[in-house]
Amino acid sequence: MFKRLLWLGVGVAVGVVVVRKLTRTAHAFTPAGIAGNLGQSAGGLLDSVRSFVDDVREGAAEREAEIADAIAHGLLITDDTEESEEY
């Protein structure tokens with residue numbers, strides 16, 4: 001008797017887990033679920049673009065500071081970002 005109740009409980013628990021998983025999967029393919037996924041993807045893409053733009057601005061500001069420093073010290077500016085001889 002106890003063994004049957006144990007297996008009944010295990011079966012009910014497995015059934016609940018499977019139904020919940022199927023419900024979540026089915027919701028992902030509804031229009032609302034698809035719109036939610038697209039919204040999350042677009043938000044992640046927007047964050048990535050913002051991060052890239054910030055990195056480019058930071059790099060440009062660093063390079064501008066290097067060039068201004070080289071000009072102030074009368075150094076020749078090269079493409080490899082190293083200061084070379086005076087002119």
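- Atom CD of Glu66 and atom CD of Glu64 lie 11.0 Å apart (nearest 0.5 Å).
- A heavy-atom distance below 4.5 Å is not found between the side chains of Lys3 and Leu6.
- The side chain to side chain contact (heavy atoms under 4.5 Å, CB included) test applied to Ser41 returns no partner, not counting sequence neighbours.
- Gln40 contributes atom CD, which lies 13.5 Å from atom CG of Leu45 (distance to the nearest 0.5 angstrom).
- In summary, of the residues considered (Val12, Val18, Val17), a side chain to side chain contact (heavy atoms under 4.5 Å, CB included) with Val14 occurs for Val18 alone.
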